[in-house]
Amino acid sequence: MRKLKTLTDKFFEVINHEGVVSIVSWGITEPHIVNTWNSYLNITNDEKILIPAAGMHSIETDLKQNNKVKLTLGCKEVQGLFTAGAGFRIEGTALFHASGNEYTMMKEKFPFLTRVLEVSITSLIQTL
């Protein structure tokens, strides 16, 4: 992966190690949280995050009411702000793809997916 304008070297270092990614969405009712893995994130040249989705039905339902999402991710192997372990909070907008170039490319890497969650980043903050 190459460094892009908004995403930092530290961010890329973190996602090159395995860790849990939490994705939060909210519609009219309570927030919903789903998890995936750092190794499942694909960063596009225009700094969008592509994530394979096999479930994520609560996220898809929420996006019909509110397209905003928040993600957190991290790993212990990268030096953070104060000690070992670095993490990030990402805010953005999201949509699902069930066809098209992104879908085809991701389906080759992750045959289990039924859709691709695309996140357009509006904020990236290192929290750890």
query: Atom CD in Gln65, atom OG1 in Thr29: separation rounded to 0.5 Å?
result: 9.0 Å
field: ILVMFWY cluster, Val119 and Leu113 together (side-chain gap under 4.5 Å)
entry: no
message: Other residues, nucleotides and ligands only: do more than 12 of their heavy atoms fall within 6.0 Å of CD1 on Ile125?
response: yes
task: Give a yes or no on whether Val21 and Phe112 share a hydrophobic cluster (residues Ile, Leu, Val, Met, Phe, Trp, Tyr; joining criterion: side-chain heavy atoms under 4.5 Å apart).
output: no
message: Grouping I, L, V, M, F, W and Y whenever their side-chain heavy atoms are under 4.5 Å apart, do Leu117 and Val24 come out in a common cluster?
response: no
query: How would you list, by chain and number, every residue that makes a side-chain hydrogen bond (donor to acceptor under 3.5 Å, both in side chains) with Thr114, sequence neighbours excluded?
result: none
message: Using the rule given for side chain to side chain contact (heavy atoms under 4.5 Å, CB included), can you reason through Ile15 versus Ile43, listing the C-alpha separation, both sets of side-chain angles and the distance that settles it, and then say yes or no?
response: CA-CA 10 Å; Ile15 67 170; Ile43 311 303; 4.0 Å; yes
field: Phe11 and Phe88 aromatic ring geometry - parallel, tilted or perpendicular at 30°/60° bounds
entry: perpendicular
- prompt: Quick check: does any side chain N or O of Glu18 sit under 3.5 Å from a backbone N or O of Ser39, one acting as donor and the other as acceptor?
  reply: yes
query: Hey, quick one: are Phe12 and Leu124 part of the same hydrophobic cluster, counting side-chain heavy atoms closer than 4.5 Å, chains of contacts allowed?
result: yes
Under 3.5 Å, which donor-acceptor pairs do the side chains of residues 49-61 form with other protein atoms, sequence neighbours left out?
residue, atom, partner, partner atom, Å
Glu60, OE1, Arg115, NE, 3.2
Thr61, OG1, His57, O, 3.0

message: Main chain of Leu7, side chain of Glu47: is a donor-acceptor contact present, judged purely on distance under 3.5 Å?
response: yes
Under 4.5 Å side-chain linkage, directly or through intermediates, the cluster mates of Leu81: Phe82
message: Please find the pair of heavy atoms, one from Ala86 and one from Gly80, that lie closest to each other, and give the distance.
response: CB-CA, 3.9 Å
query: CG/Leu41 to OG1/Thr36 distance, rounded to the nearest 0.5 angstrom?
result: 6.5 Å
field: Glu30 side, atom CD; Ser25 side, atom OG - distance, nearest 0.5 Å
entry: 10.5 Å
statement: Contacts of Lys107 meeting side-chain hydrogen bond (donor to acceptor under 3.5 Å, both in side chains) (sequence neighbours excluded), chain-then-number -> none
Using residues 91-106 as the side-chain source, report each donor-acceptor pair under 3.5 Å to any protein atom, sequence neighbours left out, with the distance given to one decimal.
residue, atom, partner, partner atom, Å
His97, NE2, Glu118, OE1, 2.8
Thr104, OG1, Gly100, O, 3.0

query: Which pair of non-hydrogen atoms, one from Ser120 and one from Lys48, has the smallest distance, and what is that distance?
result: OG-CE, 3.4 Å
query: Would a hydrophobic clustering, with Ile, Leu, Val, Met, Phe, Trp and Tyr connected at side-chain separations under 4.5 Å, put Val20 with Tyr40?
result: yes
Distance-only check: which donor-acceptor pairs under 3.5 Å involve side-chain atoms of residues 66-76, not counting sequence neighbours?
residue, atom, partner, partner atom, Å
Asn66, OD1, Lys68, N, 3.1
Asn66, ND2, Trp26, O, 3.1

